[in-house]
2 protein chains.
Amino acid sequence: MIENKKDTSEYPNGIKWTKQRKRVYQILDEATQPLSAAQIYSRLDSEEQEKYAISTIYRILAVFEELRLTDKTNWMGDGRIVYELHRTGHTHYAVCLDCHRRIPLEQCPLHMNACQLHDSQAEDFVVVSHKIELYGYCKDCRAKHMD
Amino acid sequence: MIENKKDTSEYPNGIKWTKQRKRVYQILDEATQPLSAAQIYSRLDSEEQEKYAISTIYRILAVFEELRLTDKTNWMGDGRIVYELHRTGHTHYAVCLDCHRRIPLEQCPLHMNACQLHDSQAEDFVVVSHKIELYGYCKDCRAKHMD
DNA sequence: ATCAGTGCAAACGATTTGCACCTCG
DNA sequence: CGAGGTGCAAATCGTTTGCACTGAT
């Protein structure tokens, strides 16, 4: 069997690394913020014969989540589920209530991964992960309303 | 005009306090955790002629949110939107990844309401509110899987 | 009496699924 | 070659909306 290098340095074991999956992975990788399935779909180039079925996108995202490649979130806002690569640990966002921009936070305001929770209501609850979202107004939007 | 006391001690001004609204409010008030529209609907007693239209439930919940009577949330989990009365400030939950139970936390693990955020990525972002959800495994579910 | 609130059914948008075909390994 | 992946269209689910009727104030 001929030894040939794979063009993508890192990808999960045990699944077929099809052009569709490559592309969805690439789009998520290039994204600066979490994307919905529809947003991923719309970033496919129709001129390049790239309009893979939207159901395929959903199935790929399901597989990615199964493999812990992505994080899935649906928060306040437009109600759609958004996906992002599960990069270096977790990410939280500051969400502007005006322009709906999601600003990723550099650091986590809470340090309690995989720990025992000390709260009288949730005794013996073992925390595996957490999500935080801060709501407020970004610099630009505050300026906009300052008149 | 005859002065007559209202049977419900507290309710919002300016809206008709119909039996449907009373009942939805009561269900939310009795609930120990946030409920989805469908869950509220299913708690109506069909024997009591109480099966108000599901669309009515949604509309009532929309009004309640407008009046700041309730908080609306859709996080990780089953994808449905859940509602709870906007009681004494904000509440956070520990969500069991196994049984999906939502355990309200006694205290907020984060103290940063209405403050300036100090994060290099979100400079000059003014935080109005925040949501936190902890994911993990509750006592019962951990016991279940311990064999 | 009036107009907001309701019920019903139909519309809607996001997500899922069944099935035949295709393609990676 | 064969199992797994995909495309397409139809189904499903939660939620929203149009319209005629009802009931709280």
Side-chain angles (χ1 to χ4, degrees), chain A residues 1-8 11-25 27 34-42 44 46 48-67 69-70 72-83, chain B residues 1-8 11-25 27 34-44 46 48-67 69-70 72-83 100:
Chain A
M1 189 180 272
I2 303 158
E3 182 202 36
N4 48 2
K5 285 280 183 198
K6 298 130 185 173
D7 55 337
T8 310
Y11 64 80
N13 337 332
I15 68 159
K16 290 185 184 173
W17 203 235
T18 61
K19 61 180 189 300
Q20 291 89 337
R21 288 177 175 176
K22 269 186 195 132
R23 187 68 179 110
V24 170
Y25 186 92
I27 289 171
L35 301 176
S36 66
Q39 287 174 314
I40 294 169
Y41 180 78
S42 70
L44 297 172
S46 55
E48 301 250 20
Q49 317 286 330
E50 250 199 359
K51 278 295 175 192
Y52 311 134
I54 187 72
S55 56
T56 298
I57 310 288
Y58 280 107
R59 279 192 274 231
I60 289 173
L61 291 168
V63 169
F64 280 6
E65 206 198 349
E66 187 87 4
L67 295 167
L69 268 178
T70 55
K72 187 178 165 186
T73 319
N74 60 328
W75 299 60
M76 231 161 97
D78 38 16
R80 300 158 123 195
I81 299 173
V82 291
Y83 304 83
Chain B
M1 190 179 271
I2 304 158
E3 183 202 35
N4 47 3
K5 285 280 181 196
K6 298 129 185 174
D7 55 338
T8 311
Y11 63 80
N13 338 334
I15 68 161
K16 290 183 185 173
W17 203 235
T18 62
K19 61 180 189 299
Q20 291 88 337
R21 287 178 176 175
K22 267 187 197 133
R23 187 69 179 111
V24 169
Y25 186 93
I27 289 171
L35 301 176
S36 67
Q39 287 174 314
I40 293 169
Y41 180 77
S42 70
R43 293 189 185 204
L44 298 172
S46 54
E48 301 249 19
Q49 318 286 331
E50 252 199 359
K51 278 294 177 193
Y52 312 134
I54 187 72
S55 56
T56 298
I57 310 290
Y58 279 107
R59 278 192 273 231
I60 289 173
L61 290 168
V63 170
F64 280 7
E65 206 197 349
E66 188 86 7
L67 295 166
L69 268 179
T70 55
K72 188 179 166 186
T73 318
N74 62 327
W75 296 59
M76 231 162 96
D78 37 16
R80 299 156 125 197
I81 299 172
V82 290
Y83 304 82
H100 294 106

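Excluded from the calculations below are hydrogen atoms, water molecules and symmetry mates; all remaining heavy atoms, backbone and side chain alike, are included. In this text the structure is predicted, and so the values were computed from the model without any measurement.
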Protein-nucleotide distance ([X], atom [atom1]; [N], atom [atom2]), rounded to Å:
X	N	atom1	atom2	value
Ile40(A)	dA14(C)	CD1	P	14 Å
Gln49(A)	dC22(C)	CD	C1'	16 Å
Glu50(A)	dT6(D)	CD	P	13 Å
Tyr52(A)	dC22(C)	OH	C1'	14 Å
Arg21(B)	dG7(C)	CZ	C1'	14 Å
Gln20(A)	dT6(D)	CD	P	5 Å
Leu44(B)	dG7(C)	CG	P	10 Å
Lys22(A)	dT6(D)	NZ	C1'	15 Å

Can you see which heavy atom on [X] is nearest to which on [Y], and at what distance?
X	Y	result
Leu44(B)	Tyr52(B)	CD1-N, 3.7 Å
Ser46(B)	Lys51(B)	CB-CG, 3.7 Å
Phe64(A)	Arg21(A)	CZ-O, 3.6 Å
Ile57(A)	Ala37(A)	CG2-O, 4.0 Å

| task | Compare the minimum distances between each of dT6(D), dT15(C), dT25(D) and the side chain of Thr18(A), then state the nucleotide with the smallest one. | result |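 The nucleotide sitting nearest to the side chain is dT6(D).
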
| query | Roughly how far apart are Thr70(A) OG1 and Ile60(A) CD1, rounded to 0.5 Å? | reply |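 Taking OG1 in Thr70(A) and CD1 in Ile60(A), the distance rounds to 11.0 Å.
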
| said: Working to the nearest 0.5 angstrom, can you tell me the gap between Thr56(B) OG1 and Ile40(B) CD1? | reply: 12.5 Å

| query | Of Arg23(B), Lys19(B), Gln20(B), which meets side chain to side chain donor-acceptor pair (under 3.5 Å) against Glu50(B)? | reply |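 Among Arg23(B), Lys19(B), Gln20(B), the one meeting side chain to side chain donor-acceptor pair (under 3.5 Å) with Glu50(B) is Arg23(B).
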
| message | Are the side chains of Tyr25(A) and Leu69(A) in contact, using a 4.5 Å heavy-atom criterion? | response |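 In contact.
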
| query | Picking from Val82(A), Leu61(A), Ile27(A), what satisfies side chain to side chain contact (heavy atoms under 4.5 Å, CB included) with Leu35(A)? | reply | Ile27(A)

| query | In residues 53-62 of chain A, what residues come within less than 4.0 Å of DNA chain D, judged by heavy atoms? | reply | Ala53(A), Ser55(A), Thr56(A), Arg59(A), Ile60(A)

| message | Both atom distances under 3.5 Å, Watson-Crick or G-U wobble: I'd like the secondary structure of DNA chain C as a dot-bracket string, with | for pairs made across strands. | response | ||||||||||||||.||||||||||

